[in-house]
Amino acid sequence: MSVRQFFGTLADLLYPRRCPVCDRAVSPFGSLICKDCENKLKYIKEPYCMKCGKTLRQEEKEYCGDCMQQRHLFDRGRALYEYKSAADSIYRFKYKGRQEYAAYYARCMIKELGGWIAGCRPDAFVPVPIHSSKRRVRGYNQAEVLACELGRLTGIPVETDLIQRVRKTVPMKELSAVERQNNLKKAFKICRNDVKLDTIVIIDDIYTTGSTIDAMSHELREAGIKHIYFMTLSIGRGI
């Protein structure tokens with residue numbers, strides 16, 4: 001056993017890892033999720049939208065209603081879980097300090113979407129930033145925690161200082177699609193003058209209308225990044 005493994009085991013004994021589904025101490029010990037909870041998070045399966053990755057109700061369609069009605073600034077995206085099955089888990093990950101869930105999420109992303117990630121050939125993962133005021137209250141950025149875990153497992157660099165959120169925005173769940181777009185205008189700013197990246201994958205927890213990813217993509221393309229993909233933990237159903 002390595003020194004890192006020893007201290008990891010010791011930490012688990014002192015502060016038992018929580019299951020990302022039931023939030024109890026994981027059983028059996030040493031696992032990332034309880035055995036009885038493994039099938040409760042539902043993966044996105046085909047057919048899904050070729051643009052944003054939302055599950056489609058009709059197999060013959062290639063794009064969801066959202067993506068047919070509006071032009072997105074990203075190239076393509078994928079999500080891991082159906083939103084309803086993962087909503088409670090992601091809420092705790094995002095607001096209740098359950099950063100440890102990222103270890104399980106990242107492994108599932110690589111297992112289910114590893115081929116897609118490899119096909120993108122990203123130069124870096126870029127987590128969606130949160131405003132500094134929210135970070136002070138929450139103590140962390142859940143998208144950054146997830147991106148760093150993905151980076152650790154894949155060896156793909158994580159860019160946490162490429163772009164920042166400079167405007168504090170209203171919670172997106174309270175807004176319509178049009179209001180979301182207006183809410184995010186000038187919300188992001190590139191932090192570097194010499195961006196030497198060609199392809200990136202933006203990492204976030206939830207995809208709804210794509211307004212956040214689009215707002216980021218606008219700034220990233222202005223900085224010279226040619227290929228922009230995204231990957232999120234969860235996504236709703238397409239129209």
Side-chain angles (χ1 to χ4, degrees), residues 4 7-8 11 17 20 32 52-53 73-81 86 89-90 92-95 97-132 134-136 138-166 184 187-207 210 212-235:
R4 181 175 179 175
F7 282 107
R17 179 180 293 276
L32 297 178
C52 73
L73 301 180
F74 56 82
D75 291 290
R76 194 178 176 192
R78 291 292 307 275
L80 183 65
Y81 300 126
S89 178
I90 293 173
R92 294 191 300 271
F93 173 56
K94 188 171 183 175
Y95 296 113
R98 295 293 191 238
Q99 297 180 58
E100 66 220 70
Y101 291 1
Y104 180 74
Y105 293 152
R107 281 163 177 75
C108 290
M109 279 184 151
I110 292 168
K111 176 185 173 185
E112 295 294 316
L113 303 174
W116 182 83
I117 297 170
C120 294
R121 298 184 179 181
D123 299 314
F125 291 127
V126 178
V128 172
I130 60 175
H131 193 265
S132 57
K134 288 186 178 180
R135 187 170 192 131
R136 283 194 297 271
R138 201 176 300 171
Y140 62 97
N141 173 5
Q142 75 284 349
E144 184 177 319
V145 172
L146 178 61
C148 288
E149 187 66 23
L150 286 166
R152 186 181 70 81
L153 294 174
T154 62
I156 296 170
V158 179
E159 295 284 349
T160 60
D161 60 354
L162 173 62
I163 187 169
Q164 65 181 136
R165 193 181 291 242
V166 293
L184 287 163
F188 298 100
K189 180 183 178 181
I190 297 294
C191 305
R192 301 207 301 255
N193 294 324
D194 58 335
V195 178
K196 298 178 180 178
L197 299 170
D198 182 74
T199 304
I200 63 161
V201 176
I202 296 172
I203 304 297
D204 204 6
D205 53 348
I206 301 169
Y207 179 99
T212 299
I213 306 295
D214 280 333
M216 280 184 66
S217 296
H218 177 268
E219 300 300 321
L220 293 165
R221 289 204 188 279
E222 289 287 311
I225 297 175
K226 297 177 182 177
H227 306 291
I228 301 173
Y229 302 92
F230 77 81
M231 187 166 60
T232 63
L233 279 176
S234 71
I235 198 167

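The figures here come from the full heavy-atom set of this structure, side chains too, leaving out hydrogens, waters and symmetry mates. Small disclaimer: the values here were computed from a predicted structure and weren't measured.
Heavy-atom neighbours of Asp194 CG from other residues, nucleotides or ligands within 6.0 Å: above the threshold of 12.
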>> Go through it in stages, so that I can follow the logic: the residues are Phe93 and Val145, the test is side chain to side chain contact (heavy atoms under 4.5 Å, CB included), and I'd like the CA-CA distance, side-chain angles, deciding distance and then a yes or no.
In response: CA-CA 10 Å; Phe93 173 56; Val145 172; 4.2 Å; yes
>> Apply side chain to side chain contact (heavy atoms under 4.5 Å, CB included) to residues Leu220 and Ile202 and explain how you reach the verdict.
In response: CA-CA 10 Å; Leu220 293 165; Ile202 296 172; 3.9 Å; yes
> How far apart are the C-alpha atoms of Leu162 and Leu197, what are their side-chain angles, what is the distance that settles it, and do they pass the side chain to side chain contact (heavy atoms under 4.5 Å, CB included) test?
Replying inline: CA-CA 10 Å; Leu162 173 62; Leu197 299 170; 3.9 Å; yes
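Note: Tyr105 and Tyr101 have perpendicular aromatic rings, judged against thresholds of 30 and 60 degrees for the angle between ring planes. Between Tyr207 and Phe74, the angle of the ring planes goes over 60°, which puts this pair in the perpendicular group of the 30/60° scheme.
When atom types are taken as modelled, the side chain of Arg135 and the backbone of Ile130 share no donor-acceptor pair closer than 3.5 angstrom. No donor-acceptor pair closer than 3.5 Å links the side chain of Asp205 to the backbone N or O of Leu233.
Atom NE2 of His218 and atom CD1 of Ile190 lie 10.5 Å apart (nearest 0.5 Å). The distance from the CG atom of Leu146 to the CD atom of Gln99 is 11.5 Å, given to the nearest 0.5 Å.
Screening Ile235, Ile90, Val128, Thr232 against Ile206 for a side-chain contact (heavy atoms from CB on, under 4.5 Å) leaves a single residue, Ile90.
Residue pairs that meet the salt bridge (charged side-chain N to carboxylate O under 4.0 Å, His left out) test with at least one member in residues 217-229, sequence neighbours left out, are Asp75-Arg221.
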Donor-acceptor pairs under 3.5 angstrom involving side-chain atoms of residues 111-124: please list them, not counting sequence neighbours.
unit_1: Asp123; atom_1: OD2; unit_2: Asp198; atom_2: N; d: 2.8
unit_1: Asp123; atom_1: OD2; unit_2: Thr199; atom_2: N; d: 2.9

